[in-house]
Amino acid sequence: MTHTTTTVPARSRRLRAVALAAAVLLGAGGLAACGSDEAAGPDGSLKKLDMTFTISSTSLAHQLVFAARDGGYLEKYGIDARFVTAESSSVAIAALASNSAQVAFVGRTDALLTTAQGKQMVYAYKQSTGFLTNVTVSKAFADRNPGWESKSVEDRLRLLNGATMAQASANGVLTRVFDDAMSSVGGKVTNTYIAVNTMPTALTRGSVDAYMAPSPFQETSVQRGEGVMFIKGTDLPASGGETIVQGATVVSKSFLDSDRESVVRVMAALQATAEAMKADPDKAKQLAKERLNTIDASIFDVMWPDAYKVIIGPLEHPISAEDITFMIEHDAAGVAEAQSLDPAAQIVPADLLTDAKALVSEVGF
């Protein structure tokens, strides 16, 4: 099966959303291409679903999705997916809102914020767990602050007051969590918004003092000797720890209502992939290493143990109302419209996961 990946250039959020929607529609023909009235063919095989997936980055937060593609699990579950890389969660969600894609794989908060704005999104699956994005600073910044290693998280945050911080987007969860942490100590950074894959280069050039980017980007500067892991992500006050949703599979409420079977099929494919990766850690590593083949082996080996925990984490910690409650209370604390949302209503009904697991038991992995 052939898969196509399209990358949307980094521009203003509005222009990127328009560009993404246009790219998807030109190549995939919109939502009309998806779905089937029958779940199985005459021989018992699953009917093929032609779908468009939009994904916020190629980071390891979404490795389960790429493993589902590269390991043949999407195909096994009858899904022929076109991947469109948006390079930010807000742009990926915009594709759902404009009916240009069926499924978005994004960071934890953007779907909730979109629902608060009146365009209802629903969390279907948690494809990675934990807030594992650290604060990376330049070696020069660390050298200007001798003794930082022995300081508390609060004091390290104070050292960052006035620094220039690279983030992926103004509304992203990383930006919100870090800005909240800075506010808790009376500090503030100057945020600049760039693509995550350019952050190590920006740090090397001295354009920024620090950045927050998921694996494999956060390890790159450290392994080059040009950056230092300054604050562990899970130590930030509003991070949510190691079991909170990190990468979320999201669909629009309208798509869920109109094509429940397709949503169950996607959930089943992800569930089967996670079970396969848990059963065969070597295969999980191989799939990731083949996809990220431009990364130095030493960098990959450093990041893989944590990445593997993230990939299989959803098996023990599926998406829950507790995840949504945390996001409402912390990530969306300043959004009045989000405070009245029912956490349970932001997740697909529980019977969909039950049906997805039943399909995995039938089809296997």
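The first residue of the sequence shown is numbered 1, and numbering continues consecutively from there.
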J.: Both conditions, 6.0 Å and 45 degrees, for the charged tip of Arg265 above the ring of Tyr77: are they met here?
T.: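 The answer is no, since Arg265 fails at least one limit relative to Tyr77.
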J.: So, does Gln63 use its side chain to make a donor-acceptor pair with the main chain of Ser59 at under 3.5 Å?
T.: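 Looks like no, no N/O pair under 3.5 Å.
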J.: Please report the shortest heavy-atom distance between Pro343 and Ala321, naming the atom on each side.
T.: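 Minimum heavy-atom contact is CB-O, 3.7 Å.
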J.: Quick one about Gln246 and Thr129 (side-chain donor to acceptor, distance below 3.5 Å, no hydrogens or angles considered), yes or no?
T.: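 Not at all, the side chains of Thr129 and Gln246 share no donor-acceptor pair under 3.5 Å.
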J.: Please list all pairs meeting ring pair (Phe, Tyr, Trp, His ring centres under 6.0 Å) that have one or both residues in residues 98-118, counting only residues at least two apart or in different chains.
T.: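 Counting only pairs at least two positions apart or across chains, the ring pair (Phe, Tyr, Trp, His ring centres under 6.0 Å) contacts touching residues 98-118 are Phe53-Phe105.
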J.: Are Lys357 and Asp355 within salt-bridge range, i.e. N to O under 4.0 Å?
T.: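 No, this pair does not count.
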J.: As an exercise, state the distance from CG of Leu46 to CD of Glu75, rounded to the nearest 0.5 Å.
T.: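 With rounding to 0.5 Å, CG (Leu46) is 11.5 Å from CD (Glu75).
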J.: Mind listing the closest non-hydrogen atom pair of Gly147 and Ser150 along with its distance?
T.: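 So the minimum-distance heavy-atom pair works out to O-OG, 3.0 Å.
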J.: Measure the shortest side-chain to side-chain distance between Phe178 and Leu160 over non-hydrogen atoms and say whether it is less than 4.5 angstrom.
T.: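 Yes, side chains in contact.
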J.: Are Ile93 and Val106 close enough that some pair of their side-chain heavy atoms sits under 4.5 Å apart?
T.: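 They are in contact (side-chain heavy atoms under 4.5 Å apart), so the answer is yes.
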J.: Are Val185 and Val189 connected into the same hydrophobic cluster when the rule is that any two of I, L, V, M, F, W, Y join if their side-chain heavy atoms are below 4.5 Å apart?
T.: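 Cluster IDs for Val189 and Val185 match.
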J.: Just verifying a value: how many Å separate Met277 CE and Leu315 CG, rounded to the nearest 0.5 Å?
T.: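 Rounded to the nearest 0.5 Å, the CE-CG separation comes out at 10.5 Å.
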J.: Evaluate the side chain to side chain contact (heavy atoms under 4.5 Å, CB included) criterion for residues Leu352 and Leu256: first the C-alpha distance (whole Å), next the side-chain angles of each, then the deciding distance (0.1 Å), finally the verdict.
T.: CA-CA 10 Å; Leu352 270 79; Leu256 172 63; 3.6 Å; yes
J.: Ignoring hydrogens and angles, state whether a donor on the side chain of His62 or Ser56 is under 3.5 Å from an acceptor on the partner side chain.
T.: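 Side-chain D/A pair, His62 to Ser56: present.
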J.: Parallel, tilted or perpendicular for Trp304 and Tyr308, by the 30°/60° rule?
T.: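 Answer is tilted, since the angle falls between 30° and 60°.
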J.: Is Asn161 reaching over with its side chain to a backbone N or O of Lys188, donor-acceptor style, under 3.5 angstrom?
T.: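 Here the side-chain-to-backbone pair exists.
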J.: Inspect the surroundings of CD in Glu316 and state if more than 12 heavy atoms from other residues, nucleotides or ligands are less than 6.0 Å away.
T.: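 Not buried by this count: 12 neighbours or fewer within 6.0 Å.
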J.: Grab the two heavy atoms, one from Ile299 and one from Pro216, that are nearest each other, plus how far apart they are.
T.: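 Smallest heavy-atom distance, with atoms named: CG2-O, 4.3 Å.
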J.: For the pair Arg260 and Asp351, find out whether any cationic side-chain nitrogen is under 4.0 Å from an anionic carboxylate oxygen.
T.: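 Yes.
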J.: Hey, mind stepping through Val251 and Gln102 against side chain to side chain contact (heavy atoms under 4.5 Å, CB included) and telling me if it holds?
T.: CA-CA 6 Å; Val251 298; Gln102 292 84 34; over 6 Å; no
J.: Grab the two heavy atoms, one from Ile79 and one from Ala269, that are nearest each other, plus how far apart they are.
T.: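 Heavy atoms of Ile79 and Ala269 come nearest at CD1-CB, 4.2 Å.
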J.: What are the two closest non-hydrogen atoms of Ser239 and Gly233, and how far apart are they?
T.: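 Here Ser239 and Gly233 meet closest at CB-O, 3.3 Å.
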J.: With a 3.5 Å cut-off and no angle check, do the side chains of Ser88 and Tyr193 form a donor-acceptor pair?
T.: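 No - no donor-acceptor pair under 3.5 Å links their side chains.
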J.: When you group the ILVMFWY residues by side-chain heavy-atom contacts below 4.5 Å and let the links chain together, are Val135 and Val153 in the same group?
T.: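 Val153 and Val135: one cluster.
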J.: So, for Phe141 and Phe230, is the gap between ring centers shorter than 6.0 Å?
T.: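 For Phe141 and Phe230, the ring centres are under 6.0 Å apart.
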J.: Apply the hydrophobic cluster definition, ILVMFWY joined by side-chain contacts under 4.5 Å directly or through others, and give me every member besides Val335.
T.: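 For the cluster that includes Val335, the remaining residues are Leu113.
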J.: Any carboxylate oxygen within less than 4.0 angstrom of a Lys/Arg side-chain nitrogen, looking at Asp257 and Lys253?
T.: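 Judged by the 4.0 Å cut-off on N to carboxylate O distance, Asp257 and Lys253 do form a salt bridge.
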J.: Does Leu203 form a side chain to side chain contact (heavy atoms under 4.5 Å, CB included) with Val137? I'd like the steps, not just the answer.
T.: CA-CA 8 Å; Leu203 195 76; Val137 301; 5.8 Å; no
J.: Please name the pair of heavy atoms, one in Pro214 and one in Val196, separated by the smallest distance, quoted to 0.1 Å.
T.: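 Answer, listing the atom of Pro214 first, then Val196: CD-CG1, 4.1 Å.
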J.: Looking at Met212, Arg108, His330, Met182, which one forms a side chain to side chain contact (heavy atoms under 4.5 Å, CB included) with Val177?
T.: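 Only one option passes, and that is Arg108.
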J.: Might you work through the salt bridge (charged side-chain N to carboxylate O under 4.0 Å, His left out) test for Lys139 and Asp143, ending with a clear yes or no?
T.: CA-CA 6 Å; Lys139 189 175 183 301; Asp143 291 344; 3.1 Å; yes
J.: Between Asp155 and Arg158, is the closest basic N to carboxylate O distance under 4.0 Å?
T.: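 Salt bridge present between Arg158 and Asp155.
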J.: Take Lys309 and Asp306, measure what salt bridge (charged side-chain N to carboxylate O under 4.0 Å, His left out) needs, and give me the verdict at the end.
T.: CA-CA 5 Å; Lys309 288 191 296 184; Asp306 281 342; 3.5 Å; yes
J.: Under a 4.0 Å threshold between the charged nitrogen and the carboxylate oxygen, would Arg144 count as salt-bridged to Asp209?
T.: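 Yes, Asp209 and Arg144 are salt-bridged.
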J.: Tell me whether Val363 is reachable from Val360 by hopping between hydrophobic residues (I, L, V, M, F, W, Y) whose side-chain heavy atoms are closer than 4.5 Å.
T.: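 Hydrophobic grouping puts Val360 with Val363.
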J.: Assess, by modelled atom type and distance only, whether the side chains of Ser215 and Glu219 contain a donor and an acceptor separated by less than 3.5 Å.
T.: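 Short answer, yes.
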J.: Is the shortest side-chain heavy-atom distance between Val65 and Ile55 below 4.5 Å?
T.: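 Yes, close enough: below the 4.5 Å cut-off.
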J.: Taking side-chain hydrogen bond (donor to acceptor under 3.5 Å, both in side chains) as the criterion, tell me which of Thr220, Thr201, Thr204 meets it with Glu226.
T.: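 Single side-chain hydrogen bond (donor to acceptor under 3.5 Å, both in side chains) partner of Glu226 among Thr220, Thr201, Thr204: Thr204.
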J.: Answer yes or no: is there a side-chain heavy-atom contact under 4.5 Å between Thr115 and Leu341?
T.: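 Yes, at least one pair of side-chain atoms sits under 4.5 Å.
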J.: A side-chain contact here means heavy atoms from C-beta on lying under 4.5 Å apart; do Tyr123 and Val348 qualify?
T.: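 No - every pair of side-chain heavy atoms lies 4.5 Å or more apart.
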J.: What distance do Asp323 atom CG and Ile328 atom CD1 have between them, rounded to the nearest 0.5 Å?
T.: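 Going from CG on Asp323 over to CD1 on Ile328, the span is 11.0 Å.
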J.: Can you measure from NE2 (His317) to OG (Ser128) and round to the nearest 0.5 angstrom?
T.: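 It comes to 13.0 Å.
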J.: Roughly how far, to the nearest 0.5 Å, is CG of Leu96 from CD of Gln120?
T.: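 One gets 13.0 Å once the value is rounded to the nearest 0.5 Å.
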J.: Is Asp342 reaching over with its side chain to a backbone N or O of Ala344, donor-acceptor style, under 3.5 angstrom?
T.: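 Indeed, once roles are kept as given, a pair shorter than 3.5 Å links the two residues.
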J.: Output, in order, the C-alpha distance, side-chain angles, deciding distance and verdict of salt bridge (charged side-chain N to carboxylate O under 4.0 Å, His left out) for Asp301 and Lys285.
T.: CA-CA 10 Å; Asp301 289 341; Lys285 185 174 183 179; 3.7 Å; yes
J.: With a 4.5 Å limit on heavy-atom distance, are the side chains of Val103 and Thr54 in contact?
T.: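 No, side chains not in contact.
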J.: Under 4.0 Å between a side-chain nitrogen and a carboxylate oxygen: does that hold for Arg69 and Asp80?
T.: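 No, no charged N to carboxylate O under 4.0 Å.
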J.: Measure the CG-OG distance between Asp235 and Ser152 for me, rounded to the nearest 0.5 Å.
T.: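 Asp235 atom CG to Ser152 atom OG measures 10.5 Å (nearest 0.5 Å).
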J.: Do Trp148 and Val228 make a side-chain contact, defined as non-hydrogen atoms from C-beta onward lying under 4.5 Å apart?
T.: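 In contact.
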J.: For Ile295 and Lys289, what are the C-alpha separation, side-chain angles and deciding distance, and is it a side chain to side chain contact (heavy atoms under 4.5 Å, CB included)?
T.: CA-CA 8 Å; Ile295 298 173; Lys289 203 164 190 176; over 6 Å; no
J.: Determine whether the side chains of Tyr125 and Gln271 contain a donor N or O and an acceptor N or O closer than 3.5 Å.
T.: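 On atom types as modelled, these side chains qualify, holding a pair under 3.5 Å.
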J.: Do Gln167 and Met165 have side-chain heavy atoms sitting under 4.5 Å apart?
T.: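 Gln167 reaches Met165 side chain to side chain.
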J.: Test side-chain hydrogen bond (donor to acceptor under 3.5 Å, both in side chains) on Gln127 and Thr249 and set out the steps.
T.: CA-CA 7 Å; Gln127 78 256 9; Thr249 303; 2.6 Å; yes
